[in-house]
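Scroll down for the structure; my scribbles are underneath it.
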Amino acid sequence: MNNRLIGITKYFRNAVAAQTNMGIDFKVDNFFIIDPKELGQGKLNPIACKGIFTEAKKNTFDDEAKSRKKSLVNVIICAKTIKTIYEANEKVQDEIEELTGVYYIPAILNSEGLLIFDEGDKKLPWFPREYLTPMLEPKLAIGEAETVDNFISNHVDSVEKIKYWSDYVTFFTELYESVTESEFNQNIIRNLDDKEPFFELEKHVYVFLDKTVYSTFHIMNLYNHLQDDNQPKELYDNFISTHMAEVSPLIENDLSKMQVHSGQMNGEYPLSPSQREAVNHFNAMNSGEILAVNGPPGTGKTTLLQTIVADMYVKRAMKKEKAPLIVASSTNNQAVTNIIASFGNIKKMGISNLEERWIEGVNSFASYFPSFSKVKDAKRKGYQYTNQKGEFFVSDVEDKANIVKSKAKLIQSCNEYFGSEYKNITSCQEKLHQELLVIEKSKTALLSLAQEASQSDLNGETIDKCLEKLFMGIEEKQTAISNIHQRIIDWESCYKKIPFYVKWLKFLKSFARKIQTEFRLFINDEEQNFLNEHMNFYEIKEKYSQLYAECNKAISDLKEKKSVIEKIKKRYDSELERLQQHNINLHGENDEKYRLDLEYINDLMDKKHRYVEFWLAVHYYECRWLSGEDELSEKQKSTNYTNVLEKFYNRLSMITPCLVMTFYMLPRQFLAFGEQKNFFMYNYIDLLIIDEAGQVSPEIAAGSFSLAKKSVVVGDIYQIEPVWSVNRALDKALAVSNGAIQSLDEFELLVQTGLNSSYSSVMKVAAKCCKYEKFDEKGLFLSEHRRCYDEIIDYCNRLVYKENLQPMRGKGMEDEKLAIKHWPQMGFKQIDTEYSNRNGSSRLNRLEAEQIVEWIKNNFKLIANAYPKEAKENLIGIITPFKAQVECIKSELKKQMPTNHSKISVGTVHTFQGAERNIIILSTVYGKQDGCFFIDANKSLMNVAVSRAKDKFFVFGDINCLKDTQSSASGLLKKCISNIEMEMHYNEL
């Protein structure tokens with residue numbers, strides 16, 4: 001890596017470190033006050049101890065649920081807090097909040113009040129990064145970040161030797177004094193420059209229940225290793241490069257690209273044009289490349305990801321290679337569990353027993369690697385979850401008894417599908433691979449036939465209709481030739497009847513006129529188009545000879561074309577017959593059997609051949625798994641030697657081709673041991689898929705790119721952004737101090753390439769890396785929207801997507817299957833309110849909450865009856881900008897709808913990210929005198945809110961709080977709903 005790339009690696013590492021050790025908000029979290037002596041002695045007073053354990057009973061935090069006994073509680077001690085000084089009833093330091101903690105010490109508290117060092121997790125003391133230099137505008141610099149890092153690095157052995165509280169006291173005291181250059185037992189922090197007293201500290205010590213999770217530990221560990229590893233990492237280098245990728249032309253969807261696509265996980269629908277475009281570009285990727293795919297709501301991102309996984313899986317199976325190692329990741333568990341759910345919910349198409357797992361204990365194509373704190377939730381939801389040690393799902397399926405059952409099941413299932421009598425797994429494996437190649441060959445043949453047919457000028461007709469027309473055309477031309485023969489005879493007869501002397505003297509005008517008169521009388525209506533009375537007999541005969549030749553030529557051409565198409569039809573019929581022998585009926589009831597245009601056949605290949613190939617590959621790899629390929633010995637299990645991990649991941653990838661984990665867990669899974677040291681498996685993952693990339697901050701994900709060969713990044717920059725933990729000022733300071741940039745003037749370069757840790761996302765960085773461009777923006781774009789009715793998605797299309805979305809569902813008012821026809825797709829219910837009520841930093845509107853719940857209560861039965869096949873939990877969602885209003889509505893629901901209140905989803909926009917409901921209600925909260933700052937603060941919020949609604953989107957509130965300018969989110973919303981008030985419908989119901 002060059003110096004800039006090294007600098008960016010350090011910059012990302014320290015940006016992660018900065019957000020790891022944040023301060024605690026005294027206004028939010030409950031705390032207990034103790035005397036500094038209690039901290040030194042390691043024993044808390046009974047009142048504080050009892051209070052902490054009482055607080056702990058109300059909550060279960062992360063690892064505590066499993067790893068701690070009830071007699072132990074994790075706590076965080078704020079040992080040093082800036083004292084707020086007042087003069088004349090005014091704060092002296094305006095920039096410092098009251099109760100600002102600057103030094104935190106994690107510990108364990110037992111029921112007797114004794115403090116214990118956490119030997120298990122080894123959580124260490126920290127200073128919030130915002131109080132350590134470098135910082136752009138030093139207001140409270142109590143030490144240097146480098147000093148902290150150096151101290152921790154130089155005292156690793158000391159940490160390992162901590163056994164007693166007194167050892168820990170020595171450690172955290174020395175760390176504090178080393179960084180602040182101030183004595184721990186004094187209540188003063190000195191200025192770094194002039195050593196004069198700078199800030200006075202509180203005398204009290206504060207104890208909090210530990211609600212933190214050291215989630216970034218594995219990311220930090222990866223960055224630490226990256227700084228010392230010099231091997232090439234093409235994908236990582238591409239990601240952190242400050243150069244914009246040169247734009248290449250988009251790839252056309254021609255026959256060669258169709259032939260390359262071999263696997264499809266979903267057989268219900270073919271890919272949309274933009275999904276297919278993305279798959280074609282994926283198949284053209286080289287090692288080290290990143291493909292960015294912008295995926296607005298409802299455009300089939302999940303289907304795209306499933307297709308990419310299935311396609312890689314099938315290709316590897318055809319070549320008898322190891323299954324691909326594909327990892328799908330994001331930052332939040334909602335995003336990754338959405339992937340898991342989709343990979344376990346593949347709709348069956350009814351192809352014999354092919355669409356079932358032929359081994360026991362596996363029901364999804366994804367394996368989940370949750371954090372320890374998420375294991376319980378993963379188990380409750382029925383996910384296939386495991387870890388690097390191969391526990392839980394893996395140990396269950398690898399159990400010898402399960403293997404024996406699975407072998408019997410696979411042989412039986414294989415014989416049932418093929419009508420065979422195989423006795424062993426090897427025979428089944430060979431048959432499945434042979435069948436896979438047969439179906440692939442059929443796909444190639446059919447697509448080639450379609451290409452040939454397209455060159456035969458079918459004019460969009462089916463080949464049977466075309467042959468029928470050709471046959472009729474030949475008959476018409478043959479009839480025309482017969483007619484030509486007859487007319488020539490007739491003309492000869494006519495000419496013979498003219499007296500010979502008239503013919504001899506035709507050079508005289510009077511005789512010539514007589515001949516013309518005879519010809520004029522003999523010409524029929526059809527001949528008027530190509531003959532006239534001025535032509536002599538031989539000219540007429542010449543004309544007919546030309547027509548005769550043309551007809552003959554036409555017949556010859558038609559016969560040749562007919563022969564070509566008959567051969568295509570014969571080969572096509574033969575292929576259809578062969579497919580039926582292989583359990584594939586290419587055409588459904590509504591399909592045109594002999595429609596052979598290329599795009600149509602390619603769509604059929606998605607639903608039939610590629611789908612069948614995927615399932616054949618599934619069973620092929622099941623055979624290899626059952627045959628014991630890369631099976632681990634008992635001694636190898638639970639170890640992380642490189643060869644062991646390679647075997648582990650190969651076996652797991654054979655039965656679940658997609659491994660799913662958050663970025664906080666990903667580095668841990670690929671940390672191996674060898675040659676007496678730990679190291680990461682760089683360039684090992686075949687494909688890294690990132691979902692909801694618009695919500696992932698670059699520094700969280702960047703390191704993981706070093707572990708993979710190529711990446712597909714899917715997201716939407718117009719959805720909710722990441723939660724940035726680094727502000728712009730600190731971000732600039734980190735970038736300069738770590739060598740990512742040489743001066744503050746260069747910070748704009750990081751912003752342009754998305755490589756800044758504040759106000760950026762992985763989606764922006766991926767766009768920089770992607771060499772394709774669509775709609776004048778870097779990256780591909782999924783454009784066909786199928787979730788919402790056109791009236792609803794039109795709002796989002798105009799708000800952020802520049803009309804590039806293609807609504808595919810149709811207008812609700814024109815849908816005969818529309819549920820609740822007398823309600824509009826977008827509308828509002830006016831609730832007159834002058835002002836909303838403040839609740840701390842939040843807002844609520846109780847009248848609005850009451851009327852929303854009253855409306856739902858009055859209409860819940862009607863709504864439930866309109867969607868009889870839907871779970872009641874999926875019917876209605878209420879979105880509001882404020883948490884206080886969420887609680888207000890929930891309280892009102894419990895009061896008015898005690899039986900069904902839990903069936904109604906209520907939350908802020910962030911709660912509904914990635915979700916959908918049939919009906920969405922927006923509670924605006926604001927009164928007409930308030931304005932609507934929050935709604936207009938970020939267009940992404942309203943884009944997400946509206947696009948959650950499949951059938952109806954209703955606004956409940958005072959419409960006068962919305963702006964009148966359509967360039968704003970609220971103004972455009974007002975325009976869309978202003979003529980559709982729900983009042984009369986409400987009264988009707």
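- For the pair Ile24/Tyr206, no side-chain contact is recorded, criterion being any heavy-atom separation below 4.5 Å from C-beta on.
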Would Glu721 and Asn938 count as a side chain to side chain donor-acceptor pair (under 3.5 Å) here? Give the steps. CA-CA 10 Å; Glu721 297 113 337; Asn938 190 331; 2.8 Å; yes
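- In terms of heavy atoms, Gln830 sits closest to Ile959 at OE1-N, 3.0 Å.
- Under the 3.5 Å distance criterion, the side-chain polar atoms of Asp951 are left unmatched by any main-chain donor or acceptor of Cys788.
- We find the CD-NZ distance between Glu916 and Lys950 to be 4.5 Å, quoted to the nearest 0.5 Å.
- In this structure, Asp790 and Pro807 approach most closely via the heavy-atom pair OD1-CB, 3.2 Å.
- Atom CD of Gln695 and atom OG of Ser761 lie 9.5 Å apart (nearest 0.5 Å).
- To the nearest 0.5 Å, the span separating CG on Leu750 from CG on Asp731 amounts to 7.5 Å.
- Considering only heavy atoms from C-beta on, Leu799 stays 4.5 Å or farther from Tyr718 through its side chain.
- Annotation: side chain of Glu892 is not in contact with side chain of Ile852 (no heavy-atom distance under 4.5 Å).
- One N or O on the side chain of Lys952 and one on the backbone of Ile820 form a donor-acceptor pair closer than 3.5 Å.
- A donor-acceptor pair is defined here as one N or O able to donate and one able to accept, closer than 3.5 Å; no such pair exists between the side chain of Thr299 and the backbone of Ser783.
- Of the possible polar contacts, none joining the Ser970 side chain to the Leu962 backbone as a donor-acceptor pair under 3.5 Å is found.
- Here the side chains of Pro296 and His785 are not in contact, with every heavy-atom distance at 4.5 Å or above.
- Around NZ of Lys821, the count of heavy atoms belonging to other residues, nucleotides or ligands within 6.0 Å exceeds 12.
- Counting heavy atoms from C-beta on, the side chains of Tyr664 and Thr216 come closer than 4.5 Å.
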Determine whether Tyr131 and Thr100 satisfy the following criterion, side chain to side chain contact (heavy atoms under 4.5 Å, CB included), listing intermediate values before the conclusion. CA-CA 11 Å; Tyr131 305 130; Thr100 298; 2.9 Å; yes
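- When the shell of 6.0 Å around NZ of Lys883 is examined, it contains 12 or fewer heavy atoms from other residues, nucleotides or ligands.
- The backbone N or O of Gly971 sits less than 3.5 Å from a side-chain atom of Ser968, completing a donor-acceptor pair.
- A salt bridge does not link Glu854 with Lys857: none of the charged nitrogens is closer than 4.0 Å to a carboxylate oxygen.
- When all heavy atoms are compared, the tightest approach of Lys872 to Ala864 is CE-CB, 4.2 Å.
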Walk me through whether Arg917 and Arg948 qualify under side chain to side chain contact (heavy atoms under 4.5 Å, CB included). CA-CA 6 Å; Arg917 296 291 184 272; Arg948 302 308 94 195; 5.9 Å; no
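- Arg786 contributes no side-chain N or O that, together with a main-chain N or O of Met808, makes up a donor-acceptor pair within less than 3.5 Å.
- Shown here for Pro722 and Gly694, the closest heavy-atom pair between the two residues is CD-O, 3.1 Å.
- Taking the side chain as every heavy atom from C-beta outward, Asp958 and Ile831 never approach each other to under 4.5 Å.
- No donor-acceptor pair under 3.5 Å is formed between the side chain of Gln719 and the backbone N or O of Val944.
- Atom CD1 of Ile717 and atom NZ of Lys764 lie 6.5 Å apart (nearest 0.5 Å).
- Residues Met826 and Val946 share a closest heavy-atom pair of CE-CG1, 4.5 Å.
- Side-chain polar atoms of Ser330 and Glu692 form no donor-acceptor pair below 3.5 angstrom.
- For Lys374, the NZ atom sits in a loose shell: 12 or fewer heavy atoms of surrounding residues, nucleotides or ligands are nearer than 6.0 Å.
- For Tyr789 (side chain) and Ala949 (main-chain N/O), no donor-acceptor pair under 3.5 Å exists by modelled atom type.
- Ion pair Arg838/Asp930 not flagged as a salt bridge, since none of the NZ, NE, NH1 or NH2 atoms sits closer than 4.0 Å to an Asp/Glu carboxylate oxygen.
- In this structure, the separation between CD1 on Ile863 and CG on Asn858 is 10.5 Å, given to the nearest 0.5 Å.
- Phe953 places a side-chain heavy atom less than 4.5 Å from the side chain of Leu973.
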Dump the intermediate steps for side chain to side chain contact (heavy atoms under 4.5 Å, CB included) on Leu805 and Phe781, then the final yes or no. CA-CA 9 Å; Leu805 279 180; Phe781 186 88; 4.2 Å; yes
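- Here the closest heavy-atom approach between residue Val925 and residue Pro881 is recorded as CG2-CD, 4.3 Å.
- In this structure, CD in Gln913 is found 9.0 Å from OG in Ser940, a value given to the nearest 0.5 Å.
- Two residues are said to be in side-chain contact when any heavy atoms from C-beta on lie closer than 4.5 Å; Arg798 and Cys976 meet this criterion.
- Ring centroid separation for the pair Phe882 and Tyr926 comes in under the 6.0 Å cut-off.
- Applying the side-chain contact (heavy atoms from CB on, under 4.5 Å) test between Tyr801 and each of Asn294, Asn943, Ile793 identifies Asn943 as the sole match.
- Look at Asp716 and Lys301 and you find no salt bridge, because none of the NZ, NE, NH1 or NH2 atoms lies under 4.0 Å from a carboxylate O.
- Remark: the backbone N or O of Lys861 is paired with a side-chain donor or acceptor of Asn865 at under 3.5 angstrom.
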List the steps and the verdict of side chain to side chain contact (heavy atoms under 4.5 Å, CB included) for Trp823 and Ile919. CA-CA 11 Å; Trp823 289 353; Ile919 298 171; 4.1 Å; yes
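- Judged by distance alone, the side chain of Arg787 and the main-chain N or O of Arg809 form no donor-acceptor pair under 3.5 Å.
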